[in-house]
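Along the sequence shown, residues are numbered consecutively beginning with 1.
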Amino acid sequence: MDLAQYHGTKSGHTDFSESSDAVKPLTEEEKKAKLDELQRKIAEKRKKREEIEKEEQRRNELIRRKAGQDMAEHQERLKEEQMKKDLEKQRREKEDDKRAARRIKEQIEQDKRDRAARLAKEKAERDGTAGDAAAAAAGAGAPPVSMIRAGVPRVAATGTQARLQIRPMLQSDKQVAPITHVFEATQTLKEVRAFIKESAPELSSHFKLSLSFPRKDFGSHDDSKTLKELGLAPSAALILTE
């Protein structure tokens with residue numbers, strides 16, 4: 001009764017009457033129908049949740065594939081860039097080799113001309129005409145006749161050249177004459193090796209160069225260094241072995 005009064009105060013209802021209708025119990029069919037309805041709703045919720053999860057998985061898979069594709073494309077670009085760098089490096093090395101070979105050929109030709117001039121000078125001296133030439137050279141401040149006769153190339157006073165005396169010490173039957181040549185101090189040991197090979201083709205491609213004092217052997221790791229960097233400028237005496 002107190003609850004009815006409270007409800008009347010709050011809602012403004014004043015006419016209350018107690019229901020005399022009894023709550024009718026559910027039949028088995030009604031219970032089964034309600035149970036089926038409840039299970040249907042549960043099944044619908046489960047299906048909807050599974051569809052949402054499948055959609056999330058599909059989106060995640062698309063994201064994963066896109067990331068993998070981007071990574072593969074990035075790696076492919078890096079590979080192509082590295083290939084371009086390698087090709088450019090090979091091209092530069094070929095150009096450097098061509099220039100080095102050209103310089104060596106020019107040096108060989110110059111050696112041939114110097115040798116021919118030296119032989120002509122020696123012949124002139126044997127024919128008795130060297131006296132006047134020696135006097136004229138002395139008057140002009142030229143080097144002594146003994147140096148001219150020896151055919152020794154002169155080294156620039158600026159220290160930009162390297163005069164190398166290369167003495168073969170071979171244990172085989174090969175006869176290789178000593179080599180004396182003036183190189184630029186900026187030329188590499190690789191160019192010196194190529195010059196020696198051009199001058200003495202009977203040598204094997206694996207000959208070695210070394211200093212007798214102080215003792216030092218030059219390996220392939222020295223080929224890219226300049227004669228100045230190796231301490232072979234302005235002059236040095238090298239030993240050639242196989």
Side-chain angles (χ1 to χ4, degrees), residues 25-108 159-162 164 183-198 201 203-211 214-233 236 238 240-242:
L26 298 176
T27 63
E28 292 298 327
E29 290 77 6
E30 290 173 338
K31 290 180 180 180
K32 184 177 183 305
K34 286 186 176 293
L35 182 60
D36 292 343
E37 178 67 16
L38 180 61
Q39 291 178 344
R40 182 183 64 79
K41 290 181 178 181
I42 293 174
E44 287 179 354
K45 289 183 178 180
R46 183 185 299 113
K47 183 179 179 181
K48 187 175 182 180
R49 185 172 62 253
E50 290 176 352
E51 289 175 352
I52 293 174
E53 291 176 353
K54 286 182 180 180
E55 180 62 21
E56 290 179 352
Q57 290 176 358
R58 187 185 68 83
R59 286 198 300 267
N60 291 337
E61 179 64 17
L62 290 176
I63 294 172
R64 187 189 64 79
R65 291 182 181 180
K66 183 66 169 58
Q69 183 179 359
D70 292 344
M71 179 60 71
E73 291 176 355
H74 178 67
Q75 291 178 347
E76 187 66 23
R77 284 196 299 271
L78 291 178
K79 185 177 179 181
E80 290 178 358
E81 291 174 0
Q82 186 61 44
M83 288 178 63
K84 289 180 181 179
K85 290 180 181 179
D86 292 342
L87 290 174
E88 178 63 20
K89 181 180 178 181
Q90 292 176 5
R91 186 189 66 79
R92 289 197 302 267
E93 289 177 349
K94 287 182 179 179
E95 290 296 328
D96 292 342
D97 291 342
K98 287 181 181 179
R99 285 193 291 268
R102 189 160 54 246
R103 286 197 298 267
I104 290 169
K105 288 182 180 179
E106 292 173 355
Q107 290 172 355
I108 291 174
T160 59
Q161 294 179 321
L164 300 185
F183 297 88
E184 295 298 324
T186 55
Q187 287 185 262
T188 62
L189 188 64
K190 181 180 179 180
E191 294 179 72
V192 175
R193 291 183 187 276
F195 178 82
I196 295 172
K197 187 61 180 175
E198 288 280 350
L203 286 172
S204 69
S205 57
H206 302 292
F207 62 84
K208 300 177 181 179
L209 294 174
S210 60
L211 280 172
R215 182 66 184 179
K216 181 178 181 180
D217 295 326
F218 297 105
S220 57
H221 60 280
D222 297 312
D223 286 351
S224 59
K225 297 179 182 178
T226 65
L227 302 181
K228 185 176 182 179
E229 290 173 338
L230 295 172
L232 300 179
L238 298 177
L240 186 152
T241 58
E242 284 187 313

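- To the nearest 0.5 Å, the span separating CG on L189 from CG on L238 amounts to 8.0 Å.
- One finds the CD1 atom of I42 at 10.5 Å from the CD atom of E37 (value rounded to the nearest 0.5 Å).
- Side-chain contact between D217 and S210: present, with at least one pair of heavy atoms (C-beta onward) separated by less than 4.5 Å.
- Annotation: side-chain hydrogen bond (donor to acceptor under 3.5 Å, both in side chains) contacts of R91 (sequence neighbours excluded): E88.
- For D36, the side-chain hydrogen bond (donor to acceptor under 3.5 Å, both in side chains) partners two or more places apart in sequence, or in a different chain, are K32.
- Electrostatic pairing of E61 and R65 counts as a salt bridge here, judged by a charged N lying under 4.0 Å from a carboxylate O.
- Looking at L87 and Q90, their side chains come closer than 4.5 Å, going by heavy atoms from C-beta outward.
- The NZ atom of K47 sits 9.0 Å away from the NZ atom of K54 when rounded to the nearest 0.5 Å.
- Counting heavy atoms from C-beta outward, R103 and F195 have side chains that stay 4.5 Å or more apart.
- Annotation: the span from Q161 atom CD to T186 atom OG1 amounts to 9.5 Å, rounded to 0.5 Å.
- Side chain of R193 to backbone of F207: a donor-acceptor contact under 3.5 angstrom is found.
- Using a 4.5 Å cut-off on side-chain heavy atoms (C-beta onward), F218 and L232 make contact.
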Exercise for the section: Just do the salt bridge (Lys or Arg N to Asp or Glu O under 4.0 Å) check on R59 and E55 with the steps written out, would you? Expected result: CA-CA 6 Å; R59 286 198 300 267; E55 180 62 21; 3.6 Å; yes
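- Contact check on E44 versus R40 returns a salt bridge, with a Lys/Arg side-chain nitrogen under 4.0 Å from an Asp/Glu carboxylate oxygen.
- Between D222 and L209, every side-chain heavy-atom pair lies at or beyond the 4.5 Å cut-off.
- With rounding to the nearest 0.5 Å, the separation of OG1 in T226 from NZ in K190 is 15.0 Å.
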Practice task
Step by step, work out the side chain to side chain donor-acceptor pair (under 3.5 Å) result for D86 and Q82.
Solution key: CA-CA 6 Å; D86 292 342; Q82 186 61 44; 3.1 Å; yes
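- The shortest side-chain heavy-atom distance between E191 and L227 does not fall under the 4.5 Å cut-off.
- With a 6.0 Å radius and a threshold of 12 heavy atoms from other residues, nucleotides or ligands, H74 has its NE2 atom at or below the threshold.
- With hydrogens and angles ignored, the 3.5 Å screen pairs no side-chain donor or acceptor of E198 with any backbone N or O of I104.
- The nearest pair of heavy atoms linking S224 to T188 is O-CG2, 3.7 Å.
- By the 4.0 Å N-to-carboxylate-O rule, R92 lies too far from D96 to be salt-bridged with it.
- Among residues two or more places apart in sequence or in another chain, the salt bridge (charged side-chain N to carboxylate O under 4.0 Å, His left out) test is passed with K31 by none.
- Taking CD of E53 as the start and CD of E51 as the end, the distance is 11.0 Å to the nearest 0.5 Å.
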